[in-house]
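First comes the structure, then the notes that go with it.
Along the sequence shown, residues carry numbers from 1. This structure is a prediction, so every number in the text was calculated from the model and none was measured.
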Amino acid sequence: TMDWRHAAGMSAQYVFWLRIILIIGIAVILFAGLIVVNNSLVVNIVDRTREIGTMRAIGANKKNISALCMRETLILTIFSGICACALSSLIILLFRSFPIHLSNPFFIQLFGDEYIIPEYKLKNYVLGLGLSAGLGLISWMFPVFEALKIMPVVAMKGGKL
């Protein structure tokens, strides 16, 4: 006996490995997004070290400042995620109006039909918004914790991370 991929032949194995490669590509893109968002937040926090130092000097504790930065980051990432969902909905509408016809048997097997007609799925939108918020939260941690290490007097004088 053998599993279905070996019984289906080489084309099924090609499709399987192509899907694995696409998933790895998506993971690389998400990691690159994490780096870009983290870099943007680091620059934002570095530019605001005086403000953070002033807030700490007048009585704001580290928890208040980190919560403030977290809320700001969540608002930005969720708003960006909503904009991305809206843009993807427009692109899906465009592709549904003009479906792509496939004539290559390999691509027909890969996509499961002769036409590529994208669909709306609420779970994909929720997953996208969750990934957006999660990416923002992960990226938020490093720059804020680094900024909070600086003493308030040094930060007020313009000390950098």
Open item on the list: Testing the basics here: between R56 and K62, what is the closest heavy-atom pair and its distance to 0.1 Å?
Closed with: NH2-CE, 3.5 Å
Task: Shortest non-hydrogen separation from T77 to G136 and the atoms involved - done: CG2-CA, 3.5 Å
Would a single hydrophobic cluster contain both [Y] and [X], if residues Ile, Leu, Val, Met, Phe, Trp and Tyr are joined by side-chain heavy-atom contacts under 4.5 Å?
| X | Y | result |
| --- | --- | --- |
| M141 | L34 | yes |
| V43 | I138 | no |
| L30 | L127 | yes |
| I65 | I58 | no |
| L18 | L102 | yes |

So how far is it from [X] [atom1] to [Y] [atom2], rounded to the nearest 0.5 Å?
| X | Y | atom1 | atom2 | answer |
| --- | --- | --- | --- | --- |
| Y115 | I100 | OH | CD1 | 12.0 Å |
| I29 | I24 | CD1 | CD1 | 12.5 Å |
| S40 | N44 | OG | CG | 8.5 Å |
| I108 | H101 | CD1 | NE2 | 6.5 Å |
| I92 | I117 | CD1 | CD1 | 12.5 Å |
| I26 | I21 | CD1 | CD1 | 12.5 Å |

- [ ] Ignoring hydrogens and angles, tell me if any N or O in the side chain of S132 forms a donor-acceptor pair with the backbone of G128 under 3.5 Å.
- [x] no
Open item on the list: Please determine whether the number of non-hydrogen atoms from other residues, nucleotides or ligands lying under 6.0 Å from atom CZ of F95 exceeds 12.
Closed with: no
Does a side-chain heavy-atom distance below 4.5 Å link [X] with [Y]?
| X | Y | answer |
| --- | --- | --- |
| T73 | L137 | no |
| Y125 | L129 | no |
| M70 | V144 | no |

TODO: Could you point out which residue of N61, L68, N64 forms a side chain to side chain contact (heavy atoms under 4.5 Å, CB included) with M55?
DONE: L68
